Amino acid sequence: MNGPLVGIVGAGAVGQTLAAGLVAAAFPERLLVVSRQPDQARALAADLQDLALTSRSRTQADAGEVADLHGCDAVVVALRTDFKNTAEHDIRRQGATANAPALGVLARELRGYDGTVIVVTNPVDLMARRFG
């Protein structure tokens with residue numbers, strides 16, 4: 001395989017939706033799913049393989065690790081830490097407080113990566129700045 005390789009970080013609802021959309025559209029040739037919970041990444045990759053088969057998509061989905069993302073042409077960051085947002089006011093702050101540390105760790109692990117990174121972790125504006 002020599003087509004595009006896209007990595008998705010996060011196997012939750014947003015990561016699943018993005019990955020399924022990419023597979024259904026038959027783009028990219030390879031899709032790498034990375035999660036803090038490797039079992040979730042493997043399960044999502046298996047589901048995506050089933051989707052590829054039934055939709056006649058050429059996309060090959062696999063589970064991987066953060067280090068594998070360095071070989072990707074693009075990476076979509078859809079991580080979400082385990083927290084329950086109970087705030088009635090300023091709900092963005094709770095998401096930022098919970099997600100920023102994990103996003104910072106990921107950014108350090110991807111230091112030197114020269115592909116495209118798209119951050120969709122909420123709050124998106126703050127997390128994109130945190131990543132960059």
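This is a predicted model, so every value here is computed, not measured.
Note that CG of Asp82 is 5.5 Å distant from CZ of Arg36, once rounded to the nearest 0.5 Å. In this structure, CG on Asp47 lies 11.0 Å from CD on Gln40, to the nearest 0.5 angstrom. Considering CG of Leu44 and CG of Leu51, their distance stands at 10.0 Å, rounded to 0.5 Å. The CZ atom of Arg30 lies 6.5 Å from the CG atom of Leu32; values are rounded to the nearest 0.5 Å.
Placement of Leu69 and Val77 within a single hydrophobic cluster is found when ILVMFWY residues are connected by side-chain heavy-atom separations under 4.5 Å, directly or transitively. Both Leu48 and Ile8 are part of a single hydrophobic cluster, where members link through side-chain heavy atoms under 4.5 Å apart. Transitive grouping of hydrophobic side chains (ILVMFWY, heavy atoms separated by less than 4.5 Å) brings Val66 and Val119 into a common cluster. No single ILVMFWY cluster, assembled from side-chain heavy atoms under 4.5 Å apart, contains both Val75 and Leu22. Under the 4.5 Å side-chain heavy-atom criterion for Ile, Leu, Val, Met, Phe, Trp and Tyr, Ile118 and Leu106 are members of distinct hydrophobic clusters.
Here the shortest heavy-atom pairing between Pro4 and Phe27 reads CG-CE1, 3.5 Å. Between Ala45 and Ala61, the shortest heavy-atom contact is O-CB, 3.9 Å. Residue Ala24 comes nearest to Ser55 through the heavy atom pair CA-OG, 4.4 Å, listed as atom of the first residue, atom of the second, then distance. Between Leu5 and Gly71, the closest heavy-atom pair is CD2-O, 3.4 Å. The two residues Ala96 and Pro101 come nearest to each other via the heavy atoms O-CD, 4.4 Å.
Using a 4.5 Å heavy-atom cutoff, the side chains of Leu31 and Gln60 are not in contact. Two residues are said to be in side-chain contact when any heavy atoms from C-beta on lie closer than 4.5 Å; Val120 and Val14 meet this criterion. You'll find the side chain of Arg129 stays beyond 4.5 Å of the side chain of Val124, heavy atoms only.
With Thr59 contributing its side chain and Pro28 its backbone, the two residues share a donor-acceptor pair below 3.5 Å. Side chain of Ser57 to main chain of Val23: a donor-acceptor pair is present (N/O by atom type, distance under 3.5 Å, no hydrogens or angles). Between the side chain of Arg42 and the main chain of Ala63, no donor-acceptor pair closer than 3.5 Å is present.
Note on residues 65-80: no pairs pass side-chain hydrogen bond (donor to acceptor under 3.5 Å, both in side chains), not counting sequence neighbours. Annotation: side-chain hydrogen bond (donor to acceptor under 3.5 Å, both in side chains) contacts involving residues 99-128, sequence neighbours excluded, comprise Thr81-Asn99, Arg92-Asp125.
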